[in-house]
Visitor: 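I am attaching a structure below and will ask some questions about it afterwards.
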Amino acid sequence: MTMRLTPYLMMDGNAKEAIEFYQKALEAQVLFLQTFGEMPANPEYPLPEAARDRVGHATIKIGESELMFSDTFPGQPVQIGNQVTICLSTDSADKSRQLFEALQEGGSVVMPLQETHFSPGYGIVTDKFGVSFQIYTEGQHHM
């Protein structure tokens, strides 16, 4: 049996912008993207015009992992912050630094990327969408 955890991000109308950002910052590939307007209509629940262009569901692939997105309906509350934390593991300190620097653009550093007792390169960054990433480098490190 194979099991995979896929983080799911609920966005407040900016899922398309976030997906484009991750395509650049993390070399993500869009596997699926459908707006609410592209979904089959339900006559019992007419779609508000303001929801048409919002993302109903999307999946992107980053390395060997997937990340899913949806926008809320307009006016629906969304919790921005650390409700989802994503750990990005690499086996290259250079790649970890590249990812860390790309994600911090417009965001904030929670813990600078540095050598720790468990990793040759570990740091925490919150991107401009309020999503927190732990950047973890696997491999040997010096004490």
Visitor: Taking atom CD of E105 as the centre, does the number of heavy atoms from other residues, nucleotides or ligands within less than 6.0 Å exceed 12?
Guide: no

Visitor: Does some side-chain heavy atom of R52 sit less than 4.5 Å from a side-chain heavy atom of T35?
Guide: no

Visitor: Rounded to the nearest 0.5 Å, what separates atom CD1 in I62 from atom CG in L26?
Guide: 5.0 Å

Visitor: Which atoms form the tightest heavy-atom contact between S70 and G56, and what is the distance?
Guide: OG-O, 3.0 Å

Visitor: Answer yes or no: is there a side-chain heavy-atom contact under 4.5 Å between L47 and F73?
Guide: yes

Visitor: To the nearest 0.5 angstrom, please state how far the CG atom of L67 sits from the CD1 atom of I86.
Guide: 4.5 Å

Visitor: Nearest 0.5 Å, please: how far is CD in E20 from CD1 in I60?
Guide: 11.5 Å

Visitor: Check whether R54 reaches the backbone of F36 with its side chain - one donor and one acceptor, N or O, closer than 3.5 Å.
Guide: no

Visitor: In terms of hydrophobic clustering (I, L, V, M, F, W, Y; side-chain heavy atoms under 4.5 Å; direct or indirect links), are V55 and V30 co-clustered?
Guide: yes

Visitor: Got a second to check how far T90's OG1 is from R97's CZ, nearest 0.5 Å?
Guide: 11.0 Å

Visitor: Between V109 and P112, which heavy-atom pair has the shortest distance, and what is it?
Guide: CG1-N, 3.5 Å

Visitor: Do Q98 and E27 touch side chain to side chain, with heavy atoms closer than 4.5 Å?
Guide: yes

Visitor: Sort out for me which residue in V110, L103, L113 forms a side-chain contact (heavy atoms from CB on, under 4.5 Å) with V125.
Guide: L103

Visitor: Quick one: does S119's side chain have a donor or acceptor within less than 3.5 Å of a partner on T137's backbone?
Guide: yes

Visitor: Measuring only between side-chain heavy atoms, which start at C-beta, is H57 closer than 4.5 Å to Y8?
Guide: yes

Visitor: What's the shortest heavy-atom distance between E66 and P7, and which atoms?
Guide: O-CD, 3.7 Å

Visitor: Quick one: do the Y122 and H117 side chains pair a donor with an acceptor below 3.5 Å?
Guide: no

Visitor: Looking only at heavy atoms, what is the nearest atom pair of C87 and Y136, with distance?
Guide: SG-CB, 4.0 Å

Visitor: For side chain to side chain contact (heavy atoms under 4.5 Å, CB included), just list the numbers for L99 and F133, CA-CA rounded to whole Å, side-chain angles, deciding distance to a tenth of an Å, and then say yes or no.
Guide: CA-CA 10 Å; L99 296 173; F133 288 85; over 6 Å; no

Visitor: Got more than 12 heavy atoms from elsewhere within 6.0 Å of CG, N42?
Guide: yes

Visitor: About how many Å separate NZ of K95 and CZ of F100, when rounded to the nearest 0.5 Å?
Guide: 15.5 Å

Visitor: Give the minimum heavy-atom separation between E64 and K61, together with the two atoms involved.
Guide: CA-CE, 4.3 Å

Visitor: Give, for atom CG of L33 and atom CZ of F69, the distance between the pair rounded to the nearest 0.5 Å.
Guide: 9.5 Å

Visitor: Side chain to side chain contact (heavy atoms under 4.5 Å, CB included) between Q104 and I135: does it pass, once the steps are laid out?
Guide: CA-CA 11 Å; Q104 75 181 0; I135 307 298; over 6 Å; no

Visitor: How far apart are the closest heavy atoms of L9 and V131, and which atoms are they?
Guide: CD1-CG2, 4.2 Å

